[in-house]
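Letters A, B, ... mirror the listed sequences (proteins, then strands); counts begin at 1. When reading the values below, keep in mind they use all heavy atoms of this one structure, side chains included, and skip hydrogens, waters and symmetry mates.
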Protein chains: 2
Amino acid sequence: MEILIAEDDEQIANSLKKNLAEEGHHIMVVHDGQKALRSTDSILFDVIILDWRMPKVTGVEVCKHLRNSGNKVPVILLTALSQVANKVEALQLGADDYITKPFSFDELKARIEAVVRRYQTNEKELIVANLKLDLLSRKVSTPFGEISLTGKEYDLLKYFILHKGSIIGKEELTKSVWELNYSSGTNVIEVTIKNLREKLEEKLGKKLIKSVYGEGYIFIPE
Amino acid sequence: MEILIAEDDEQIANSLKKNLAEEGHHIMVVHDGQKALRSTDSILFDVIILDWRMPKVTGVEVCKHLRNSGNKVPVILLTALSQVANKVEALQLGADDYITKPFSFDELKARIEAVVRRYQTNEKELIVANLKLDLLSRKVSTPFGEISLTGKEYDLLKYFILHKGSIIGKEELTKSVWELNYSSGTNVIEVTIKNLREKLEEKLGKKLIKSVYGEGYIFIPE
DNA sequence: GTTAATAATGAAAAGGAATTCATTTTTCTT
DNA sequence: AAGAAAAATGAATTCCTTTTCATTATTAAC
């Protein structure tokens with residue numbers, strides 16, 4: 001798992017990094033909220049541990065920014081015992097959990113597993129390579145930002161992702177994506193695929209949908 | 001909301017019942033784990049508060065039983081400060097959260113709202129009265145057939161259902177449903193609500209969305 | 001290299017969703 | 001009861017999505 005730790009106390013940060021790395025996770029540590037936000041712009045983490053009090057941008061502000069940007073990565077806040085009232089605020093602002101210092105590593109580990117399990121078993125996201133489809137909001141995000149797709153483009157992309165690695169013929173697409181709304185004798189499929197390709201390539205810089213002459217298309221994410 | 005409290009300390013139980021009832025919730029209190037399990041057999045709760053230590057069946061055992069039966073109702077465990085190691089166990093056994101005594105009512109209230117919100121938004125369907133929203137396909141079905149909604153109408157209905165029983169102001173709707181696409185100085189909210197009302201009433205034969213003059217709207221499914 | 005079949009492209013048209021507008025109705029205060 | 005504020009309504013307009021169209025490009029067969 002990719003874990004981001006934002007903690008300005010170096011002793012705590014190092015201890016967490018060491019213990020979590022021993023569990024086989026990939027850990028990135030930053031020491032202020034601004035760097036935390038910058039990291040989330042280009043890396044998809046599985047969970048983020050945020051200290052409450054940090055220089056420049058507080059943990060709560062980081063969390064708020066993530067949620068406002070539509071980023072649902074699990075967030076655990078580390079808090080001091082005195083800040084009870086703020087815990088209410090934190091949960092309301094979108095944190096998945098918080099832990100009160102001092103805490104045991106086992107406790108943190110269990111909480112990480114719990115929030116990640118809830119996140120992963122949502123089955124409400126399709127993640128492939130650098131693409132993440134949120135199946136409820138129908139938003140498509142990448143490390144380079146969100147891709148704005150129309151309804152048809154979204155349905156088409158979802159179909160491709162669910163059948164990645166397989167050649168999909170045009171007739172299959174008419175039945176599965178267009179359903180009853182398809183008129184034969186037009187090239188609406190080619191046009192829609194072209195538009196989807198443009199949007200994906202603009203963001204990801206590579207071609208994910210390949211043509212197979214006379215047979216159809218195949219989605220290869222890498 | 002229907003809330004089950006399983007707590008053998010009568011003082012704590014009564015205090016929680018009183019405070020939560022004042023928030024408008026329906027509270028059932030039992031004093032041991034066996035009665036808690038029996039209650040869950042016949043009542044669908046929105047959330048369950050379980051004390052860790054209880055006669056006959058402990059809170060952890062109740063939780064374990066629920067999860068083994070496939071019951072995903074949110075569970076919050078109340079624990080004493082000394083029982084850190086068992087907290088790990090509790091989360092791993094499927095508790096959604098726990099609170100360490102002593103705690104403030106505001107903290108409990110916030111955690112209840114957080115786990116219930118996650119529970120409600122985790123499922124792929126929202127079911128309320130005669131309406132069922134399929135959150136993936138965005139189809140709305142009733143016993144009398146499917147209701148064809150536009151994207152905006154669907155988002156609006158979903159928001160109402162997620163906040164049923166609460167008055168929702170127009171400004172809140174602009175921020176939550178329209179987000180950045182809202183132009184002040186128009187009556188797009190009123191028009192969209194009117195269109196949604198028409199479709200719901202045509203199918204269900206009753207008015208679910210009520211106006212509160214000068215404040216906003218409230219969704220009451222029954 | 002040529003030809004036919006298939007795919008891609010730029011632009012326009014069609015259709016539907018969302019918003020705006022003008023007016024009417026309802027609600028609350030006085 | 002009257003007037004102001006808020007909400008609802010019918011219809012039109014605007015905007016966006018989807019499809020259609022004409023043309024060009026690419027691919028495969030010969």
Chemist: Can you check the Trp178(A) CH2 to dT17(D) C1' distance for me, whole Å?
Modeler: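 Result: 12 Å.
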Chemist: Is the ring pair His163(A)/Tyr159(A) parallel, tilted or perpendicular, if the boundaries are 30 and 60 degrees?
Modeler: parallel
Chemist: Reading DNA chain C 5' to 3', which nucleotide is the first, and which the last, to come under 4.0 Å of any heavy atom in chain A?
Modeler: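 Footprint of chain A along DNA chain C, 5' to 3': dA5(C) to dG10(C).
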Chemist: Over all strands shown, is Lys170(A) touching base, sugar-phosphate only, or nothing at heavy-atom distances under 4.0 angstrom?
Modeler: sugar-phosphate
Chemist: Can you tell me which nucleotide in dT9(D), dA6(D), dC21(D) comes closest to the side chain of Tyr213(B)?
Modeler: dA6(D)
Chemist: Just how far, in rounded Å, is C1' of dT18(D) from CD1 of Ile189(A)?
Modeler: 13 Å
Chemist: More than 12 heavy atoms of other residues, nucleotides or ligands under 6.0 Å from NZ of Lys210(A): yes or no?
Modeler: yes
Chemist: When the distance from CG of Asn195(A) to C1' of dT19(D) is rounded to whole Å, what number comes out?
Modeler: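 So the CG-C1' distance, Asn195(A) to dT19(D), works out to 11 Å.
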Chemist: Between C1' on dT26(D) and CZ on Arg197(A), what's the gap in Å once rounded to a whole number?
Modeler: 12 Å
Chemist: Should Ile5(A) and Met28(A) count as side-chain neighbours, where that means a heavy-atom distance under 4.5 Å?
Modeler: no
Chemist: Can you check the Glu190(A) CD to dT19(D) P distance for me, whole Å?
Modeler: 12 Å
Chemist: Does Thr150(A) have a side-chain nitrogen or oxygen under 4.0 Å from the phosphate oxygens OP1 or OP2 of dT17(D)?
Modeler: no
Chemist: With distance as the sole criterion, is a donor-acceptor pair present between the side chains of Arg111(B) and Tyr98(A) under 3.5 Å?
Modeler: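 Yes.
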Chemist: Does Glu146(B) CD have over 12 foreign heavy atoms under 6.0 Å away?
Modeler: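 Yes, CD of Glu146(B) has more than 12 neighbouring heavy atoms, counting only those of other groups under 6.0 Å.
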Chemist: Take atom CD of Glu198(B) and atom C1' of dA11(D), then tell me their distance rounded to the nearest Å.
Modeler: 13 Å
Chemist: Quick one: the side chain of Asn187(A) and the base of dT23(D), do they pair up donor-acceptor inside 3.5 Å?
Modeler: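 Not at all, since no donor on one side and acceptor on the other fall under 3.5 Å apart.
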Chemist: Report the distance from atom CG of Asn181(B) to atom P of dT17(D), rounded to the nearest whole Å.
Modeler: 10 Å
Chemist: Taking OP1 and OP2 of dA8(D), is either one under 4.0 Å from a side-chain nitrogen or oxygen of Ser211(B)?
Modeler: yes
Chemist: Just call it for Tyr217(B): base, sugar-phosphate, or nothing, with non-hydrogen atoms closer than 4.0 Å on any strand.
Modeler: sugar-phosphate
Chemist: Heavy-atom nearest nucleotide on DNA chain D for Val212(B) versus Gly185(A): which residue maps closer to 5'?
Modeler: Val212(B)
Chemist: First locate atom CG of Asp96(B), then atom CG of Asp96(A), and finally report the distance between them rounded to the nearest 0.5 Å.
Modeler: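 Rounded to the nearest 0.5 Å, the CG-CG separation comes out at 11.5 Å.
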Chemist: Taking the inter-plane angle between the rings of Phe219(B) and Phe160(B) on a 0 to 90° scale, is it parallel (under 30°), tilted (30 to 60°) or perpendicular (over 60°)?
Modeler: parallel
Chemist: Rounding to an integer number of Å, can you tell me how far Leu173(B) CG sits from dA6(D) P?
Modeler: 17 Å
